[in-house]
Amino acid sequence: MEPLTHSSTQPQSSPSQGDAAAASDLHYMRRALELAARGLNTTDPNPRVGCVLVSAGRIVGEGWHERAGGPHAEVNALRAAGAAAHGATAYVTLEPCAHVGRTPPCVEALAAAQVQRVVYAAADPNPLINGAGLAVLRARGIEVVGELLADEARALNPGFFKRMQSGLPWVRVKLAMSLDGRTALASGASRWITGEAARSDVQRFRARSSVIMTGSGTVLADDPALDVRLEGAVRQPLRVVLDGALRTPPPARIFSRPGAALVFTASRDQARRAELERRGVAVEVVAEGDEGLALEPILRRLATLEANEIWVEAGARLAGALLRARLVDELVVYIAPALIGHTARPLVELPEIGQLDARLRLQFLDTVRIGEDLRIIARPLAALQTGDSARGPATPVP
């Protein structure tokens with residue numbers, strides 16, 4: 001872990017004392033959000049949280065939550081500050097916890113260090129906390145201020161907020177296509193539509209995810225590993241295959257990489273199940289829907305396994321089914337500067353519509369060039385209109 005002490009002076013004062021204090025609070029909370037982002041790939045299933053301790057206009061301690069089971073951001077910042085935490089203001093991106101989980105309550109650590117003031121970005125949606133941490137701090141005589149930059153804090157943890165509030169994880173569907181919207185030749189050949197830079201970018205999205213999910217059709221066609229191959233990666237997401245008939249061969253590469261794997265199926269074939277389980281693959285039987293496995297119960301089951309963010313790399317059928325069920329929060333689409341032709345395979349399978357008013361509308365949130373390709377992040381407009389408080393500004397990208 002790099003040193004957590006950091007010297008900084010607060011921003012230039014505004015004309016009024018109140019304006020100066022507000023600007024100072026924003027300055028330090030932005031720094032806390034920067035620290036929180038350092039845990040993007042490592043804190044799962046916990047939220048990414050940062051903390052800054054300030055005394056007399058100077059940062060005396062910094063910390064962020066580095067990994068589940070390790071000290072929380074507040075504790076790391078307090079250790080860095082030492083005695084200088086006495087009388088300081090703590091800027092933390094999520095309401096400090098007040099319950100005993102994997103680690104002791106952060107509110108007690110803050111109170112023991114005798115911080116004078118706590119500024120928080122967003123209240124914790126966890127029902128075990130959800131205001132309880134703030135109440136404890138106030139009962140200890142600590143001034144509490146918030147919410148400040150709450151949308152930014154929620155956007156850093158979209159899956160954690162959505163799971164706590166709705167029992168569903170945040171679902172991102174990755175798609176790669178030619179400029180004419182095709183994903184593979186009619187024969188199924190698809191390597192590689194996009195370039196190396198885009199494929200490296202995909203690795204960064206995989207690394208931050210709780211689960212990488214695909215369908216049995218993709219496994220049978222491409223035999224992907226779907227693991228994280230970033231240098232220094234400390235965690236492999238759970239790899240999930242949706243396989244209604246248990247067609248996935250046990251020697252598939254997706255089951256041969258380090259990390260856990262899980263197959264959801266409707267099949268009761270005990271012999272095939274036993275063969276997968278002998279290879280360490282978990283198998284769960286789920287209900288069937290109108291078009292294959294029932295998707296929402298699968299996502300709810302993954303949420304009970306503390307899955308915050310689901311990264312889907314699958315074919316047109318599963319991508320289309322998730323969209324039709326309105327279970328997609330974000331589309332991450334890579335577009336190659338190439339044309340394949342109308343006989344090639346489509347991006348997603350959606351039902352035919354008779355009027356343009358019935359089209360599935362999207363909102364573009366981010367467009368950037370990745371090597372020779374374009375990456376577009378979009379959200380279904382219907383999802384944005386649900387009022388889900390987890391849906392703030394565009395999720396920060398790796």
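In this structure, the separation between CG on Leu238 and CD1 on Ile212 is 9.0 Å, given to the nearest 0.5 Å. Interatomic distance, CD of Glu313 versus CG of Leu318, reported as 11.5 Å (0.5 Å rounding). Interatomic distance, Cys51 SG to His65 NE2, rounded to the nearest 0.5 Å: 13.0 Å. Atom-to-atom distance recorded for Asn41:CG and Asp44:CG is 10.0 Å, nearest 0.5 angstrom.
Residues Ile376 and Leu179 fall within the same hydrophobic cluster, defined by Ile, Leu, Val, Met, Phe, Trp and Tyr side chains chained together at heavy-atom separations under 4.5 Å. Residue Leu110 is not grouped with residue Leu128 when hydrophobic side chains (ILVMFWY) are merged at heavy-atom distances under 4.5 angstrom, including chains of intermediate members. When the side chains of ILVMFWY residues are joined at heavy-atom separations under 4.5 Å, either directly or via intervening members, Leu293 and Val328 end up in a single hydrophobic cluster. A continuous path of ILVMFWY side-chain contacts below 4.5 Å connects Leu242 to Leu305, so both sit in one hydrophobic cluster. A chain of hydrophobic side-chain contacts below 4.5 Å, direct or via other Ile, Leu, Val, Met, Phe, Trp or Tyr residues, connects Leu327 to Val348.
Applying salt bridge (charged side-chain N to carboxylate O under 4.0 Å, His left out) to Glu330 and the options Lys162, Lys174, Arg172 leaves one that passes, Arg172. Across Glu309, Glu152, Glu34, Glu66, a single residue satisfies salt bridge (charged side-chain N to carboxylate O under 4.0 Å, His left out) together with Arg48, and that is Glu309. Residue Phe264 forms a side-chain contact (heavy atoms from CB on, under 4.5 Å) with just one option from Asp243, Val241, Leu295, Leu302, and that option is Leu302.
We find that Asp201 and Arg375 are joined by a salt bridge, their nearest charged nitrogen and carboxylate oxygen being less than 4.0 Å apart. Ion pairing of Arg273 with Glu277 is present here, as a side-chain N (NZ or NE/NH1/NH2) and a carboxylate O approach within less than 4.0 Å. Using a cut-off of 4.0 Å between Lys/Arg side-chain N and Asp/Glu carboxylate O, Arg199 and Asp373 are scored as not salt-bridged. Classification of Glu349 and Arg324 as a salt-bridged pair fails, no side-chain N sitting under 4.0 Å from a carboxylate O.
Between the side chain of Thr93 and the main chain of Gly50, a donor-acceptor pair closer than 3.5 Å is present. Thr43 places a side-chain N or O within 3.5 Å of a backbone atom of Asn46 that can act as its donor or acceptor partner. Side-chain N or O atoms of Asp124 include one that pairs as donor or acceptor with a backbone N or O of Asn126 at under 3.5 Å. Panel note: side chain Arg379, backbone Gln363; no donor-acceptor pair is recorded below 3.5 Å. Under the 3.5 Å distance criterion, the side-chain polar atoms of Asn76 are matched with a main-chain donor or acceptor of Trp64.
For the residue pair Thr183 and Arg345, no side-chain donor N or O sits within less than 3.5 Å of a side-chain acceptor on the partner. Ser267 and Asp269 share no side-chain donor-acceptor pair at under 3.5 Å. When only modelled atom types and interatomic distance are considered, Asn308 and Arg163 share a side-chain donor-acceptor pair under 3.5 Å. Side-chain contact of Arg301 with Thr304: a donor-acceptor pair under 3.5 Å is present, judged by distance alone.
Its side chain outside the 4.5 Å cluster rule for every partner, Val75 clusters with none of the Ile, Leu, Val, Met, Phe, Trp and Tyr residues.
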Take Leu175 and Tyr334 through the test side-chain contact (heavy atoms from CB on, under 4.5 Å) and record every step on the way to the result.
-> CA-CA 6 Å; Leu175 300 166; Tyr334 298 89; over 6 Å; no
Show every donor-acceptor pair shorter than 3.5 Å between a side-chain atom in residues 129-150 and any protein atom, with sequence neighbours excluded, or say none if there are none.
| residue | atom | partner | partner atom | Å |
| --- | --- | --- | --- | --- |
| Arg140 | NH2 | Glu108 | OE1 | 3.1 |
| Arg140 | NH2 | Glu108 | OE2 | 2.7 |
| Glu147 | OE1 | Arg154 | NH2 | 2.9 |
| Glu147 | OE2 | Ala123 | N | 2.9 |
| Glu147 | OE2 | Arg154 | NH2 | 3.3 |

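Applying the 6.0 Å contact sphere to CD of Glu284 captures more than 12 heavy atoms from other residues, nucleotides or ligands. Within 6.0 Å of CZ in Arg359 there are more than 12 heavy atoms belonging to other residues, nucleotides or ligands.
Between Phe205 and Trp311, the ring planes are parallel. Angles under 30° get that label, and only those over 60° would be called perpendicular.
Minimum interatomic distance between Leu53 and Ala77 (heavy atoms only, all atoms of both residues): CD1-O, 3.4 Å.
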